[in-house]
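Please read the structure below before turning to the comments.
Source: prediction; values computed, not measured. To find a chain, count down the sequence lines: A is the first, B the second, and so on, and within it residues start at 1.
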Amino acid sequence: MIKAITGTKDILPVDISKWHYLEKLLRETFQFFNYKEIRTPIFEETALFARGIGEETDIVSKEMYTFKDRSETSITLRPENTAGVVRSFIEQSLGAQQSLNKLYYIGPMFRQERPQAGRLRQFHQFGAEVLGSTSPLLDAEMIQVAYHILKNLGLKNLVVKINSLGIPEVRENYKNILRDYLKDKKDNLSEESRKRFETNILRIFDSKIEVDQTIMKNAPLLIDYLDEESKNDFEVVKNYLAKVGIPFEVDPALVRGLDYYTKTTFEIVSGSVGAQSALCGGGRYDLLVEELGGKATPGVGFAAGMERILLACENEKSLNLPQDSIDVYLIRVDSKEPLKCES
RNA sequence: GUGAGCGUAGCUCAGUUGGUUAGAGCACCAGGUUGUGGCCCUGGGGGUCGUGGGUUCAAUUCCCAUCGCUCACCCCA
């Protein structure tokens, strides 16, 4: 028997009403915040993701579905959609038509990881990208839109985490500071963290191992070394969130796994979905458009996992779906007479 | 890629300290009953016990391998 590929799932008629419900809410919400839908191909040239997301990231180095087509072009099934949207933005000169583009998308993504609760190889994300403004108010709007959607689904067990990674120079400078701090403590770190010391020093903050955590507790924080602009922007984001009543936590250890982020990053996690708790993640990427060959254009965006969100809804029993029932059922009484239908 | 747990009927699961024809509920099929195709009654079909090998007189049960599922690690939505 031929079975579905590992990590892929059929969405059956019994479950489809949940998806329709979610999709309807998404379209209504994005329309309310004045976002336009964009649909880009589910596969792109491999180079787009390698350059956009970063060669050294886990996504690019070990999770992509990459293959050669019949003309020997290296193709990759999109593992996320920011790179694709930015590619389209550049290729179609969307920035030349209006200075600010507010876009959203809904669709399948692909990553070849080991499946587990809340993780699939083909999964669905919705997300938004705003291209053409450096305003931190839009960073906050991203969080507001995502939070609004999750709240509207009745989810309760949510935490909004925010951080700022600053501009690249600041981050490089900070890495040196962190390296100095850890230099003489390095031998006490776990093996994993010693490896990270060389490859991606910021990730040592993520370690769950106790020895690492005690060492990192007193480590200097990136957030204390931010440039003036990043610091001010971060304040604006926090003030805006407070003003619109969205509770948040500043998490200096929030380092996202994609290379393109600058300044604000954020995540919304749920306690209702098992180990893979991030429902939504995003941040600002002011250098990506230029990096991919377009005219320098600032951007900010987020993506959210739809299976994870529906799983959280399921576990919290937060969805009140209308009963799936028929409205009218016609039965023939006389089988001899042909059925006549008049309006 | 690493680790742990689990693979028995279409579905949910019993069961076997190794021993005759492997069970239940639901679903399905047929008949009965009935002014619905519902309820009820009777009967029936359906399983290479994930796959391959090993140990044994004998394996669904024990051992090994393999595949699949689930959860966790890494990382992420």
Side-chain angles (χ1 to χ4, degrees), chain A residues 1-10 12 14 22 26 49 53-54 56-65 77-84 104-129 142-143 146-147 149-150 153 155 158-161 190-196 199-200 202-209 212 253-261 265-270 272-283 301-313 315 326 329-335:
Chain A
M1 183 176 54
I2 297 176
K3 304 208 286 189
I5 302 294
T6 296
T8 68
K9 281 262 190 299
D10 299 315
L12 299 173
V14 281
L22 174 56
L26 295 178
F49 302 115
I53 300 169
E56 301 306 317
T57 60
D58 281 5
I59 291 178
V60 172
S61 65
K62 58 184 203 194
E63 295 171 5
M64 294 205 303
Y65 276 101
L77 264 37
R78 63 184 187 191
E80 56 100 49
N81 206 26
T82 298
Y104 80 92
Y105 59 84
I106 302 172
M109 308 293 158
F110 307 83
R111 293 181 202 171
Q112 187 163 359
E113 300 181 83
R114 280 289 266 280
Q116 71 186 72
R119 167 181 291 159
L120 291 167
R121 289 185 173 182
Q122 174 174 344
F123 58 103
H124 296 78
Q125 286 187 334
F126 65 85
E129 316 289 347
M142 291 286 105
I143 298 169
Y147 192 75
I149 291 166
L150 297 175
L153 291 167
L155 292 174
L158 300 172
V159 179
V160 176
K161 293 182 177 181
S190 68
E191 194 191 326
E192 190 56 40
S193 289
R194 261 175 293 167
K195 222 181 289 168
R196 285 172 173 169
T199 56
N200 194 343
L202 295 179
R203 286 220 175 283
I204 300 178
F205 279 107
D206 289 344
S207 175
K208 287 158 192 156
I209 301 162
D212 294 341
L254 180 61
V255 180
R256 314 220 72 254
L258 294 81
D259 281 358
Y260 52 62
Y261 287 118
T265 58
F266 72 94
E267 220 168 73
I268 302 179
V269 301
S270 164
S272 307
V273 287
Q276 305 309 315
S277 59
L279 297 185
C280 168
F302 77 91
M306 294 170 76
E307 281 85 354
R308 264 180 211 183
I309 288 170
L310 291 175
L311 187 61
C313 290
N315 292 340
I326 53 175
Y329 189 62
L330 294 178
I331 303 165
R332 297 193 63 160
V333 177
D334 183 350
S335 59

Write down the distance between [atom1] ([X]) and [atom2] ([N]), rounded to a whole number of angstrom.
| X | N | atom1 | atom2 | answer |
| --- | --- | --- | --- | --- |
| Arg111(A) | rC76(B) | CZ | C1' | 6 Å |
| Ile59(A) | rG1(B) | CD1 | C1' | 17 Å |
| Leu158(A) | rA77(B) | CG | C1' | 14 Å |
| Lys161(A) | rC76(B) | NZ | P | 13 Å |
| Arg114(A) | rU2(B) | CZ | P | 7 Å |
| Arg121(A) | rC76(B) | CZ | C1' | 14 Å |
| Glu267(A) | rC76(B) | CD | C1' | 8 Å |
| Phe302(A) | rA77(B) | CZ | C1' | 11 Å |

If you look at every strand shown and take non-hydrogen atoms under 4.0 Å, does [X] touch a base, only sugar-phosphate, or nothing?
| X | answer |
| --- | --- |
| Glu307(A) | nothing |
| Ile309(A) | nothing |
| Gly127(A) | nothing |

Spacing of the [atom1] atoms in [M] and [N] (rounded, Å):
| N | M | atom1 | result |
| --- | --- | --- | --- |
| rU36(B) | rG50(B) | C1' | 43 Å |
| rG25(B) | rU66(B) | P | 40 Å |
| rG47(B) | rG15(B) | C1' | 14 Å |
| rU56(B) | rG68(B) | P | 32 Å |
| rG37(B) | rA30(B) | P | 13 Å |
| rA4(B) | rU48(B) | P | 30 Å |
| rU51(B) | rC41(B) | P | 36 Å |
| rC6(B) | rU16(B) | P | 15 Å |

Please list each protein N or O that sits under 3.5 Å from an N or O in nucleotides 66-69 of chain B, with the distance.
from, atom 1, to, atom 2, distance (Å)
rG68(B), O2', Lys3(A), NZ, 3.3
rC69(B), OP1, Thr6(A), OG1, 3.2
rC69(B), OP2, Thr6(A), OG1, 3.2

Determine whether [X] and [Y] make a side-chain contact, defined as any pair of heavy atoms from C-beta on separated by less than 4.5 Å.
| X | Y | value |
| --- | --- | --- |
| Arg119(A) | Arg114(A) | no |
| His124(A) | Ile106(A) | no |
| Met109(A) | Pro79(A) | no |
| Cys280(A) | Tyr147(A) | no |
| Phe126(A) | Phe302(A) | yes |

**Between CD1 on residue Ile149(A) and CG on residue Leu153(A), distance to nearest 0.5 Å** =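 That separation rounds to 8.0 Å.
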**Spacing of CG belonging to Leu120(A) relative to CZ belonging to Arg308(A), to within rounding of 0.5 Å** =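 If I round to the nearest 0.5 Å, the distance is 9.0 Å.
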**No-H, no-angle donor-acceptor pair, Arg308(A) side chain to rC76(B) base, under 3.5 Å** =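 A donor-acceptor contact between them is present.
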**Asked** If every non-hydrogen atom of Tyr105(A) is compared with every non-hydrogen atom of Ala303(A), which pair is closest and at what distance?
**Response**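 Closest approach of Tyr105(A) to Ala303(A), heavy atoms only: OH-CB, 3.5 Å.
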**Asked** Do any side-chain nitrogens or oxygens of Gln125(A) fall under 4.0 Å of OP1 or OP2 in rC76(B)?
**Response**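 No, outside the criterion.
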**Asked** Quick one: is Gln116(A) getting a side-chain N or O under 4.0 Å of the rA72(B) phosphate, OP1 or OP2?
**Response**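 Answer is yes, contact under 4.0 Å.
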**Message:** With a 6.0 Å cut-off (strictly less than), is the heavy-atom count around CG of Leu12(A), excluding the residue itself, greater than 12?
**Reply:**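 Atom CG in Leu12(A) is crowded, with more than 12 foreign heavy atoms closer than 6.0 Å.
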**Message:** If we check side-chain contact (heavy atoms from CB on, under 4.5 Å) with Ile268(A), which of these qualifies: Val159(A), Ile309(A), Val160(A), Leu155(A)?
**Reply:**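 For Ile268(A), the side-chain contact (heavy atoms from CB on, under 4.5 Å) test succeeds with only one of Val159(A), Ile309(A), Val160(A), Leu155(A), which is Val160(A).
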**Message:** Reading RNA chain B from 5' onward, which residue's closest nucleotide shows up sooner: Ala117(A) or Lys62(A)?
**Reply:** Ala117(A)
**Request:** Would you write the dot-bracket representation of RNA chain B, where each base gets (, ), [, ], | or . depending on whether it forms a Watson-Crick or G-U pair under 3.5 Å and with which partner?
**Result:** (((((((..((((.....[...)))).(((((.......))))).....(((((..]....))))))))))))....
**Request:** Take the angle between the ring planes of Tyr65(A) and Phe110(A) and call it parallel below 30°, perpendicular above 60°, tilted in between.
**Result:** perpendicular
